[in-house]
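Just below is one structure, and these are the notes that go with it.
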Amino acid sequence: MVVVSIERTMTEENTTPLQPPQPQENEEEKREMYAVWAVPEEDVEDRLRRLMEGLRSEFGGPAFDPHLTLVGPQKLTAGEAKLMFEAACEGFKAYPATVDQASAGTSFFQCVYVSLRHTVEVMNAAGHFMGHFKAFTGKLYVPHMSILYGDLTEEEKKEALEKASTLDSSLDGLNFRINRVELWITDADVESWVKIDEHDLIS
């Protein structure tokens, strides 16, 4: 992770619709956990979605959209998050990324994931968005896209990796482009995650 990531209204076939927060009293005072995701080009997004559906059908776990986390959850007001997101997106260009390999992690949100190569473009994109969100933690940024959330045993993780290879045997070394970024509210309950905004990057 960073995964570091889904949403209450996502269907298995369709992209999650935008769901702006409902106006309420003291909205600017309310703080929630906001995250920024990078999304791969459409054919790769669909490919990952099918892979994730196949893994969930056997190993369970909540549904979520394919993504690469650029900024992990930050406690912000809606106004702060929107301004930071818009400023970070302005003029930012689409960029290439390459899959390294599928791996198993040690946490619920990194149960099974595909790691990405630490290219200049991938690392700079994360640094750019973290800078706008003041999200530097001192921890090493490890670019990856989770494909299964869960608390599996080591044996189950091994089986999940084998299943992933069976479902899509040519992920390793896959080159693709990141051409969209999204702003999400991501609290502890994955099924309550909500996409707030999205921005298509300049080609």
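In this chain, residues are counted from 1 in sequence order.
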- Task: Mind checking the CG-CE spacing from Asp65 to Met145? Nearest 0.5 Å is all I need.
- Result: 12.5 Å

- Message: Under the rule for ring pair (Phe, Tyr, Trp, His ring centres under 6.0 Å), what residues qualify as partners of Phe176, not counting sequence neighbours?
- Response: none

- Message: Donor-acceptor check, side chain of Ser165 to backbone of Glu162, threshold 3.5 angstrom: yes or no?
- Response: no

- Residue set satisfying side chain to side chain contact (heavy atoms under 4.5 Å, CB included) with Ala102, at least two apart, ordered chain then number -> Val114, Leu161

- Message: If only side-chain N and O atoms count, and only distance matters, is there a donor-acceptor pair under 3.5 Å linking Glu182 with Trp184?
- Response: yes

- Give the minimum heavy-atom separation between Leu148 and Cys111, together with the two atoms involved. O-CB, 3.2 Å

- Item | Candidate pair Asp187 and Trp193, rule side-chain contact (heavy atoms from CB on, under 4.5 Å), full reasoning | CA-CA 7 Å; Asp187 57 20; Trp193 290 359; 3.8 Å; yes

- Provide the closest heavy-atom pair for Ser115 versus Ser103 in the form atom of the first, atom of the second, distance. OG-OG, 4.4 Å

- Under the salt bridge (charged side-chain N to carboxylate O under 4.0 Å, His left out) rule, what do Lys158 and Glu155 come out as? Steps first, then yes or no, please. CA-CA 5 Å; Lys158 180 179 178 181; Glu155 183 60 30; 5.1 Å; no

- Query: Do Glu58 and Arg56 meet the salt-bridge criterion of a basic N to acidic O distance under 4.0 Å?
  - Reply: no

- Task: Step through it carefully: locate the ring centre of Phe133, locate the ring centre of Phe85, and say whether they are under 6.0 Å apart.
- Result: no

- Query: Below 4.5 Å, heavy atoms only, C-beta onward: do Met84 and Gln74 meet side chain to side chain?
  - Reply: no

- Message: To the closest 0.5 Å, what do you measure between CD (Glu41) and CG (Leu201)?
- Response: 12.0 Å

- Is Thr69 reaching over with its side chain to a backbone N or O of Gly72, donor-acceptor style, under 3.5 angstrom? no

- Message: Nearest 0.5 Å, please: how far is CE in Met52 from CZ in Arg50?
- Response: 12.5 Å

- Would you say Val39 and Pro66 make side-chain contact, with heavy atoms under 4.5 Å? no

- Contact check, side chains of Pro143 and Leu68, non-hydrogen atoms, under 4.5 Å: yes

- With His199, which residues qualify under ring pair (Phe, Tyr, Trp, His ring centres under 6.0 Å), at least two apart? none

- Task: Given side-chain contact (heavy atoms from CB on, under 4.5 Å), test His118 with Val122 step by step and report yes or no.
- Result: CA-CA 6 Å; His118 296 207; Val122 166; over 6 Å; no

- Using a strict cut-off of less than 4.0 Å between a Lys/Arg side-chain nitrogen and an Asp/Glu carboxylate oxygen, indicate whether Glu80 and Arg31 qualify as a salt bridge. yes

- Message: Quick check: do Arg177 and Pro40 have side-chain heavy atoms less than 4.5 Å from each other?
- Response: no

- The complete set of side-chain hydrogen bond (donor to acceptor under 3.5 Å, both in side chains) pairs with one or both residues in residues 92-102, sequence neighbours excluded, reads Thr98-Asn175

- Message: I'd like to check the side chain to side chain donor-acceptor pair (under 3.5 Å) partners of Thr153; sequence neighbours left out, ordered by chain and number.
- Response: Glu156

- Does Phe59 reach the side chain of Leu152, with side-chain heavy atoms less than 4.5 Å apart? yes

- Where the side chain of Trp37 meets the backbone of Leu70, is there a donor-acceptor pair that is under 3.5 Å apart? no

- Task: Only pairs at least two apart or in different chains count here, so list each salt bridge (Lys or Arg N to Asp or Glu O under 4.0 Å) that has a residue in residues 111-136.
- Result: none

- Closest contact, heavy atoms only, Phe108 versus Val190: CE2-CG2, 4.3 Å

- Indicate the atoms forming the closest heavy-atom contact of Gly105 with Tyr113, along with that distance. N-CE2, 3.7 Å

- Query: Is there a donor-acceptor pair under 3.5 Å between the side chain of Ser146 and the backbone N or O of Phe109?
  - Reply: yes

- Can Met123 be reached from Ile178 by stepping across I, L, V, M, F, W or Y side chains whose heavy atoms are under 4.5 Å apart? yes

- Contacts of type side chain to side chain donor-acceptor pair (under 3.5 Å), residue Asn124, not counting sequence neighbours: none

- Query: Among the clusters formed by ILVMFWY side chains lying less than 4.5 Å apart, do Met33 and Phe129 turn up in the same one?
  - Reply: no

- Query: Who are the side chain to side chain contact (heavy atoms under 4.5 Å, CB included) partners of Ser170, not counting sequence neighbours?
  - Reply: Arg47, Asp168

- Message: Surrounding CD of Glu159 (heavy atoms of other residues, nucleotides or ligands, distance under 6.0 Å), is the total greater than 12?
- Response: yes

- Task: Determine the minimum heavy-atom distance between Ile147 and Ala164, stating which atoms define it.
- Result: CD1-CB, 4.4 Å

- Message: So, using side chain to side chain contact (heavy atoms under 4.5 Å, CB included) as the criterion, who are the partners of Lys82 when residues are at least two apart?
- Response: Glu86, Asp197

- To the nearest 0.5 Å, what is the distance between CG (Asp200) and SG (Cys89)? 10.0 Å

- Distance in Å, Lys30 NZ paired with Leu76 CG, rounded so as to fall on 0.5 Å steps: 13.5 Å

- Do Glu32 side-chain atoms and Ile185 backbone N/O form a donor-acceptor pair below 3.5 Å? no

- Task: Would you give the length of the straight line joining atom OG1 of Thr186 to atom NZ of Lys195, rounded to the nearest 0.5 angstrom?
- Result: 14.0 Å

- For Glu90, salt bridge (Lys or Arg N to Asp or Glu O under 4.0 Å) partners two or more places apart: none

- Answer whether the closest heavy-atom distance between the side chains of Pro62 and Tyr149 falls below 4.5 Å. yes

- Query: Can any side-chain N or O of Ser57 pair as donor or acceptor with the backbone N or O of Gly54 at less than 3.5 Å?
  - Reply: yes

- Query: Any donor and acceptor pair, going by atom type alone, linking the side chain of Gln110 with main-chain N or O of Ser107 inside 3.5 Å?
  - Reply: no

